[in-house]
Amino acid sequence: MSDILSIGAGATQLYRQSLATVSNNIANLNTEGYSRQVATSSEGMPSQQGTVFLGTGARLDNITRAYDEFIESSLRNSSSDLSSQGPMINYANRIVDLMGSQTSGLSSAIDQFFATASDLSADPASPVQRNMFIRDADALASRFREIAGHLSAIEQESRSSIELQVNTVNTLAQQLATVNTQLGKKISVDKQPAALLDQRDQILRDLSSVSKIHVFESATGAVDVRLDSSAGSLIVANKTAVDLGVNFDVNDPGRVDIIMDPYGEARASSTISSGELGGLINFRGQTLGAAMDSFDYLAQTTVREINQIHTSGIDSRGERGKDLFRIDSVFEVSSPTVTSNLNVAVDVSDPEAFEFSPFQIRWAAEDRVWQIEDAKTGAVKYAQASADIIEYAGLNITINGSASDGDTLFINPISRPAAGFRLVETDPLAIAAASRMRAMASDQNIGESQVSLSYARESVLQGFEFGQDIYSLGNNPNVAASVAVDSSSLKPALLIPKGAENVALMMDVPQGSDLQFQVMSQEGVHILGHSIDTDTQNAFLGTDSGFVANSSYSSTYLNGTGAEAYEDLDMTYGFLARSSERQEWVPNADNNGVMEQTITTNAQVDTAAVSLQNNPSLVSLDLVGADTLVLNGQSLGALTLAAGDDSSASAMATWLNTASTTTGVTATASNIIEASAEDINLLEQIQINGVLIGSGSLPADIDALADAINASTFVTNVMAYVSREGGIAITNAAGYEGENITLSNPSGSAASNALGQTNETFTGSLQLQSTDQVRFTFGAGGTPADLAVLGLRAGIYLNGPASEELAVFITGTGSANIAAGFKPPQQEPAQNTESPFTVNFLSASQYSITDTATNTVVATRNYTAGESINYQSLSLSFNAPPSSGDSFVVDGNEGGIGDNSNMLLMVALQNKPVLRGGRSLSDGYIDLVSTVGNKATLSKISQEALQVVYDQAVASRDNVSGVSLDQEAADLIRFQQAYQASAQIIQMSSKIFDSILAIR
Amino acid sequence: MKISTGQLFERAVTQMNTQQSAVAKMQAQLASGKQIVQASDDPDKVGLIQRLNTASQRQDVYEQSLNTVNGRLVAEEASIVATDNILQRVRELAVRASSDTLSAPDREIISIEVSALKESLMQLANTQDINGNYVFAGSMSNTVPYTEDTFGQVSYNGDDRHIAVDVSEQRRLTMNRPGSEVFDSVVRQESDDSTQRVGFFGVIEDFASALKNNDTDGIQRSLTEVSDLSASVSVSLADVGSRLSVVDSQRDMLSDAKLRYQMLLSQVEDLDYATAVTELSAELLSMEAAQSSFAKISQLSLFDYIR
């Protein structure tokens, strides 16, 4: 009986527990992540009664959790995949809505801009149209900025989202670590409480929707979690969870770095490819970054193209157009440590001075200054607190609000062209609608030919083929810096580049040489030099292809000055020195202040030693022929050398002074020979002008030598003095200035003498002075060798900027030593500027081009009918052959306010393929929007597919672990009946026992 | 396969939500009359719609330009017609003056009329359009094209620039005819065989002075020259006339193009109401079915039958 009782008791207990389990299931119907629990029973150990085994009932084996590991894992993975599509669809659709709509998109602003440009082209003189053009240009600029602002907002939102998700991962990882610790208390997963396991699985499921994870379950049920795959970074290792951090790159939205353990040993994590976090990172990388870059590229191209067109035309005042738009830098201000409310605005005031480098501003309360530190160089500047606007590196920084000590603002300039798109030209009259040049037929023309003007590209202009750029000779006109350049009568030896200023090219020639400079323009105009015969002309023009092909030689402007000079340039071939003026501050008359005074310095020339020549013949010899040299416009007479005489500086000075009343140049001669203390050899003798110094006795020291020389002055006419460095200088005595000094040594074999100089005759040099200028040019037959007689180097001097490239030929025999001096070239902005000119047809087959400003005939060319005329990057074409005597004027379009050619170019920009791949501006924008839209569509399709997979996974899981009320109700009935039956067993065994007890 | 209770409810709710949002979307479409309410509804079409809108707007721009050009050409035509009439009168006078029966005082009377006609011609040459631009000055539309000095010499201060405007994708129409072409000069052969260009007003001035001086040779020469002037003015008239007809034909082509673009745009953008309403009723039907079936099925529970 006890066995029946125990079976009954055991059974009731079992079924009571089963009922409890079922009730638990029902109660937890809506608990998230709950897995259905089943009470499993097992048979009791049978008891042996002789040969018979009697069962001992049932007992509760275990309460198992309905759980399938594979289904769980598949559910997690499909959840990751599904959630990764969400962000892309969401954000991409927002971008498409923003950029693709008619009201907020860019297309309507672009269309409106070009529409107004077209209206303006129909009536360029109208101020109303110009105002509307400016209004719509401003609208275009603000639309760019707005869209850029929205994109930036989306970027920040996605950034916050990513940070949020990373925080979620960290929180969940921590929770998982705690659960793992709890699970670690038992040794087998079968013994673990089901609730704990449910909690663990719920955390894993939440984690997987944020990022794809790989789970490794250990025997105790504790899990190790890796990111993304089995090779990913370990974020939960049993009881420890590793934090994640995230870093962004402000200039590259696609760059998102997930860092493991950012505050400990920071290292990069493996990539996150799925889950919501993966979706956000994908969106930033694939879509947002590309969209922002494309939009910026569009902005930059728009500004560049519009400005290019606008600056090539002229406005209604006749001035060259300026930039219409500009891209300003954008600044990102971050203030992580600032608690007070600070408002910062940064503006670029001077684009030139602004350096694109980040910096920080710190408030130092004690000194009441703002400390500005450049992040790269560390340079520190201070700004007063009282200033409303802080000026730094070309920026205006405005800070409102009260700052506490140590508050630091980090200011980072970022390159976001679209956000800095700005209209800078707001003056309606400054809109450049007209083209900058205009060609007109003169109304005196007999012919009916009409001319039209077009702009050739700059590359049409070819420079000279041969010749060395003078800039490469080095900027040093001294003789010592000369470079040898070969002469050639076929090719240019040197080139003076366009725009060169203050050029002096000096040639050092040996005595009697026939080397000459010849300067030619590209059109064959002979500017400086010596007249040349036809054969030489053809040789010059023929060899170098830099000369314009059908141009003819012209010597009209050869060596011209003033108004007769080529293009009125101030040029000299010969020698030039000018007086100069400068302004100085001097005490004024009352001695209580200063006033400005002009100080004039005379032109002064110190020549080198004049040439030494001897006249061995019996008749006098011309050193310099009559009318060979011209000084300040005066032709000089012949410089003669009497029979048997030597040339000397004093003779030349006398010769020059004969003309000084007309030339204004006075000349003095001097002759100094300097011997340094090291050169002086007191053991040698010296004869000066044939007179033995010291009468044979050697002087004791340098002073004594000087005295000895001075003792003979009355004979030699040479005196000596001791120089400051301790050497001796000898010079002519008064009255004999400039005479030659002959040094010799009585010992015939000696090479030098007491003064250490060679035994030869030394000529003097000339000092030329003039209040105005000293200008030597050549008469007929004059060559640089003639100037060399006077100790001067011949040169080419050019004052004003050269309007075109000039070729310098060096004709003659041998090679010349050339030294150059010039004003260092400046980097000029490459803007095409043309100067007005007139084309005159001298005959039906020849025309000349005259520069209007200087009235210089710059070219004479042959003409074939039907050809167009190219000059200065302009191209003129005619609809009928011009007749002889016709002239066509090209001028700067003065008064042409009704001209709309430049605005027509602007209108044509709408269809011009200026973007990569030959796309126009509107097309490029539409492509941008379509690309984003495509991504959204693809994601949507993927999402729909993945949704199906996810739903199936959920259904599978529910199939195993879900609670169905009907099932529980059925179980409830079953166990209730079983319980009642078991209770009956107890009752029955009690009754049986009663019957045994009833036996008396 | 077991469906858990939670799953049952969740599925039904999700489906009903989907149907709700589909209905809401259709309602938005019907209210706006467009297939695409937001650009994100159909990103592929966004590009097409932008392009069509741009093209359609450009036609409006061209139409605006055509109107401006038309206004300008009408002003030019009026002036040239008036000029032509005056020149006819001058020619008549020249014919009359060249007849031998006239005497010197008669010719002087004619010269007075010629001078007055010359003033009228100058006024016509300095016509301004409604915007205040001088019509015959070429591109120098703020400069008075013809001015007279104290000696009666008239000089042309404009240039010979042709201003053109885009009136369609392919067509650029010249808007003006410079004074140098309308009031063309003639080539005069002098007695010494040299040729010289004489301006329009110079010819008339010479005619007036020939009349004053009773110079029959001069009058004869003026007759030929005035005939030449008349011929060139006729050419100008023809030119302006042809451009006006181009404007008209271009207008027609433009309105055709506009209509075409509007139709294309409508096809892409606009909602087909018949289809939309049918779809809406179908969707509403399925939503009702889902809701009522859910109500029925969710009530079934075994617990109801357990006493």
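A, B, ... follow the sequence lines: proteins, then strands. Residue 1 opens every chain.
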Side chain / backbone / both / neither for [X] at chain B, heavy atoms under 4.5 Å:
X: A/Arg94; result: neither
X: A/Ala92; result: neither
X: A/Ile973; result: side chain
X: A/Leu29; result: side chain
X: A/Met903; result: neither
X: A/Leu106; result: neither
X: A/Ala441; result: both

Just wondering, do B/Val268 and B/Leu264 contact through their side chains at under 4.5 Å, heavy atoms? no
Could you check which of [options] has the highest count of heavy-atom pairs closer than 4.5 Å to chain A?
options: B/Ala137, B/Ser185, B/Ala164, B/Gly158; result: B/Ala164
options: B/His162, B/Arg172, B/Met140; result: B/Met140
options: B/Thr68, B/Val61, B/Val46, B/Thr54; result: B/Thr54
options: B/Gln64, B/Met175, B/Arg58; result: B/Arg58
options: B/Ser301, B/Gly199, B/Ser4; result: B/Ser4
options: B/Glu10, B/Gln38, B/Gln196; result: B/Gln38

Who wins among [options] for the most heavy-atom pairs under 4.5 Å with chain B?
options: A/Leu453, A/Asn30, A/Val929, A/Asp123; result: A/Asp123
options: A/Asp966, A/Val96, A/Asn959, A/Ile926; result: A/Asn959
options: A/Asn911, A/Asp927, A/Asp111; result: A/Asp111
options: A/Val960, A/Asn93, A/Asp97, A/Ile897; result: A/Asp97
options: A/Asp119, A/Asn445, A/Thr937; result: A/Asn445
options: A/Ser108, A/Ala936, A/Gly933, A/Gly896; result: A/Gly896

Which distance, rounded to the nearest 0.5 Å, do you find between the [atom1] of [X] and the [atom2] of [Y]?
X: B/Tyr134; Y: B/Asn126; atom1: OH; atom2: CG; result: 6.5 Å
X: B/Asn131; Y: A/Ser126; atom1: CG; atom2: OG; result: 6.0 Å
X: B/Ile49; Y: B/Asp42; atom1: CD1; atom2: CG; result: 8.0 Å

Between A/Phe113 and A/Phe133, what is the ring plane arrangement, given parallel below 30°, perpendicular above 60°, and tilted in between? tilted
Measure centre to centre between the rings of B/Phe200 and B/Tyr146, then say whether the value is under 6.0 Å. no
Counting heavy atoms not belonging to [X], are there more than 12 under 6.0 Å from its [atom1]?
X: B/Arg171; atom1: CZ; value: no
X: B/Gln189; atom1: CD; value: yes
X: B/Lys2; atom1: NZ; value: yes
X: B/Ile3; atom1: CD1; value: yes

Would you say A/Asp899's side chain and B/Ser139's backbone share a donor-acceptor pair under 3.5 angstrom? no
Let me know if [X] has heavy atoms under 4.5 Å from chain A in its side chain, its backbone, both or neither.
X: B/Arg72; result: neither
X: B/Thr195; result: both
X: B/Asp44; result: side chain
X: B/Gln57; result: side chain
X: B/Asn142; result: both

Between [X] and [Y], does any side-chain donor sit less than 3.5 Å from a side-chain acceptor?
X: A/Thr103; Y: A/Ser101; answer: yes
X: A/Gln112; Y: A/Asp136; answer: yes
X: B/Arg251; Y: B/Asn67; answer: yes

